[in-house]
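Order of the sequence lines sets the chain letters (A, B, ...), proteins ahead of strands, with each chain counted from 1. The figures that follow rest on heavy atoms only: side chains count, while hydrogens, waters and symmetry mates do not. None of the values given here were measured: they were computed from a predicted structure.
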Protein chains: 2
Amino acid sequence: MSDEATRLEAARDEFVTRWGIMGAQWGINRTMAQIHALLMTAPDVMSTDEVMDDLEISRGNAHTNLKDLVGWGLIRIVTKKGERKEFFEAEKDVWEIFRRVARERKRREIDPALETLRSCKAATDDMKSKDGKAFNDQMDQLEDFVSFASKMGDRVASMQHGKAIKLAMKIFG
Amino acid sequence: MSDEATRLEAARDEFVTRWGIMGAQWGINRTMAQIHALLMTAPDVMSTDEVMDDLEISRGNAHTNLKDLVGWGLIRIVTKKGERKEFFEAEKDVWEIFRRVARERKRREIDPALETLRSCKAATDDMKSKDGKAFNDQMDQLEDFVSFASKMGDRVASMQHGKAIKLAMKIFG
DNA sequence: ATGAACTTTCAGTAAATACTGAAAGCAGAT
DNA sequence: ATCTGCTTTCAGTATTTACTGAAAGTTCAT
């Protein structure tokens with residue numbers, strides 16, 4: 001049984017490491033992804049010091065990334081009565097994780113992108129030359145597509161998990 | 001009319017710059033995103049030297065990123081008869097751009113992620129302890145969700161643009 | 001075989017990003 | 001008012017990533 005505990009620790013380590021590498025590819029800081037993986041698979045809440053020890057990182061690093069994860073809504077602060085320390089706990093429901101990531105990426109990345117596209121389009125709305133019209137049209141197409149996709153994402157992310165699955169089944173057999 | 005040309009150039013510059021910043025947030029190299037923006041809004045094919053001049057970057061940098069974009073299927077090499085030089089042209093259809101990005105991200109990022117999840121799950125399939133079971137279950141849920149989402153993405157990306165729009169309309173009014 | 005017109009590679013360098021550790025800040029207990 | 005236990009900040013440093021420019025490679029014409 002202690003063998004099982006050892007193997008579990010190894011599997012979890014593997015997961016944390018690889019999730020970190022993946023996060024980096026997605027433009028997310030490696031440590032942040034690792035802490036997320038660690039907490040997603042933690043049987044209990046963890047303190048900053050436990051995270052520091054497990055990942056062998058500094059207090060500053062742990063602190064910053066824990067707070068960023070709270071900002072993304074992917075983990076939350078838990079306090080134990082009688083203890084002054086903060087503990088952290090991850091959202092474990094995958095659908096809920098998806099919803100929160102979707103919501104934040106929209107807010108942080110999609111909305112500003114749409115702003116850019118709209119402003120580049122607006123700046124060329126009155127143009128008469130072939131090139132001016134082509135540019136304006138390209139901005140328009142991009143804007144249309146991104147805003148449409150964003151709306152679809154919103155709709156899906158605001159559904160209950162069960163409903164989303166049913167819908168997908170209906171569409172794709 | 002020359003005023004219009006100047007304003008167009010400014011709008012295009014703005015687009016290129018901002019697309020680069022956005023790319024960086026998405027884990028894509030800034031120069032690559034800028035070249036993509038430049039070519040998406042280019043009235044004609046462009047040579048490596050033209051890209052170098054427009055963005056004020058070195059030959060090596062231009063070369064590497066142009067080839068990477070070809071690897072993503074977002075631009076293609078065009079040759080002019082009588083000329084030995086290579087020219088580049090971007091895919092401008094937004095739906096097609098979406099499909100190619102979706103396909104590549106699946107191949108490069110989603111599939112390896114699934115591999116990780118499966119292997120971490122498999123390593124704990126036989127566990128009996130509460131913690132072991134919980135970890136195994138978490139991996140299973142993640143795997144299920146990611147593979148399901150990936151399949152949905154595939155289906156959508158393999159549709160014709162018109163069909164996808166119709167489907168979306170049908171679902172979401 | 002030589003050279004012209006290009007493409008590709010890569011060692012070295014610059015820039016961006018992430019991390020550390022120590023100091024400062026804060027709040028409740030004494 | 002001071003101490004204790006904890007959180008937060010940040011200047012300095014390390015690491016990673018991107019870029020340059022020059023040299024080497026390729027291809028085709030002569």
Side-chain angles (χ1 to χ4, degrees), chain A residues 16-39 45-72 74-89 108-109, chain B residues 16-39 45-72 74-89 108-109:
Chain A
V16 168
T17 303
R18 296 228 224 161
W19 201 255
I21 294 166
M22 282 180 38
Q25 290 174 334
W26 273 86
I28 286 160
N29 153 315
R30 204 178 72 254
T31 303
M32 184 167 147
Q34 286 181 344
I35 296 179
H36 185 223
L38 189 68
L39 282 168
V45 299
M46 293 181 76
S47 66
T48 302
D49 291 74
E50 286 171 323
V51 172
M52 285 167 61
D53 290 352
D54 270 26
L55 301 179
E56 301 182 53
I57 58 178
S58 72
R59 181 172 305 284
N61 195 10
H63 174 80
T64 308
N65 285 295
L66 281 165
K67 288 298 147 108
D68 281 357
L69 281 165
V70 171
W72 275 80
L74 293 173
I75 68 174
R76 60 184 146 266
I77 298 169
V78 177
T79 46
K80 292 187 186 177
K81 48 188 169 184
E83 293 234 43
R84 223 191 272 179
K85 220 184 297 196
E86 288 183 338
F87 294 86
F88 300 91
E89 173 183 62
R108 297 176 192 220
E109 291 150 19
Chain B
V16 168
T17 302
R18 295 229 224 160
W19 202 254
I21 294 166
M22 281 178 39
Q25 291 175 333
W26 274 85
I28 288 160
N29 150 319
R30 203 179 73 253
T31 304
M32 184 169 148
Q34 286 181 344
I35 297 178
H36 184 223
L38 190 69
L39 282 167
V45 298
M46 294 180 77
S47 67
T48 302
D49 291 76
E50 286 170 322
V51 171
M52 286 166 61
D53 290 352
D54 270 27
L55 300 179
E56 301 181 54
I57 57 176
S58 73
R59 181 172 305 285
N61 195 10
H63 175 79
T64 307
N65 285 294
L66 281 164
K67 288 299 149 107
D68 281 356
L69 281 164
V70 171
W72 275 80
L74 293 173
I75 67 174
R76 59 185 146 267
I77 298 169
V78 177
T79 46
K80 293 186 185 178
K81 48 187 168 184
E83 293 231 45
R84 220 189 275 177
K85 218 184 301 194
E86 289 185 336
F87 294 86
F88 301 90
E89 174 182 62
R108 298 177 191 220
E109 291 151 18

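- Closest approach of B:Ala37 and B:Val16 over heavy atoms only: CB-CA, 3.8 Å.
- Taking all atoms of both residues into account, the shortest heavy-atom contact from B:Val45 to B:Glu50 is O-OE1, 4.0 Å.
- The minimum heavy-atom distance linking B:Ser58 with B:Met52 is given by the pair O-CG, 3.9 Å.
- In this view, A:Arg18 and A:Glu14, B:Thr116, B:Ser119 satisfy the side chain to side chain contact (heavy atoms under 4.5 Å, CB included) rule, not counting sequence neighbours.
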Atom pairs and distances, side-chain donor-acceptor, residues 79-89 of chain A, under 3.5 Å, sequence neighbours left out:
from, atom 1, to, atom 2, distance (Å)
A:Glu86, OE1, A:Lys67, NZ, 3.2
A:Glu89, OE1, A:Arg76, NE, 3.0

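- With rounding to the nearest 0.5 angstrom, the CD1 atom of A:Ile35 is 4.5 Å from the CG atom of A:Asn65.
- In this structure, B:Ala33 and B:Gly23 approach most closely via the heavy-atom pair CB-CA, 4.0 Å.
- Closest non-hydrogen pair, A:Met32 versus A:Ile28, comes out as CB-CG2, 4.4 Å.
- Closest heavy-atom contact between B:Arg59 and B:Asp49: NH2-OD2, 3.0 Å.
- Taking the side chain as every heavy atom from C-beta outward, A:His36 and A:Trp72 never approach each other to under 4.5 Å.
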Mind listing the N/O atom pairs, protein and nucleotides 27-30 of chain C, below 3.5 Å?
none

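- B:Met52 places its CE atom 14 Å from the P atom of C:dT8, with the value rounded to the nearest Å.
- Contact of the A:Met22 side chain with the B:Glu109 side chain is not registered, since no non-hydrogen atoms from C-beta on lie closer than 4.5 Å.
- Between A:Ile57 and A:Gln34, every side-chain heavy-atom pair lies at or beyond the 4.5 Å cut-off.
- Look at B:Lys67 and you'll find a side-chain N or O under 4.0 angstrom from OP1 or OP2 of C:dT8.
- Straight-line distance from the CD atom of B:Glu56 to the P atom of C:dA14: 19 Å, rounded to whole Å.
- Counting only heavy atoms from C-beta outward, the side chains of A:Leu39 and A:Leu66 approach each other to under 4.5 Å.
- When DNA chain D is scanned in the 5' to 3' direction for atoms under 4.0 Å from non-hydrogen atoms of chain A, the outermost contacting nucleotides are D:dT4 to D:dT9.
- For the segment residues 17-36 of chain A, the set of residues with a heavy atom within less than 4.0 Å of an atom of DNA chain D is empty.
- Applying a 4.0 Å cut-off to non-hydrogen atoms, the residues of residues 58-66 of chain B that approach DNA chain C are B:Arg59, B:Gly60, B:His63, listed by residue number.
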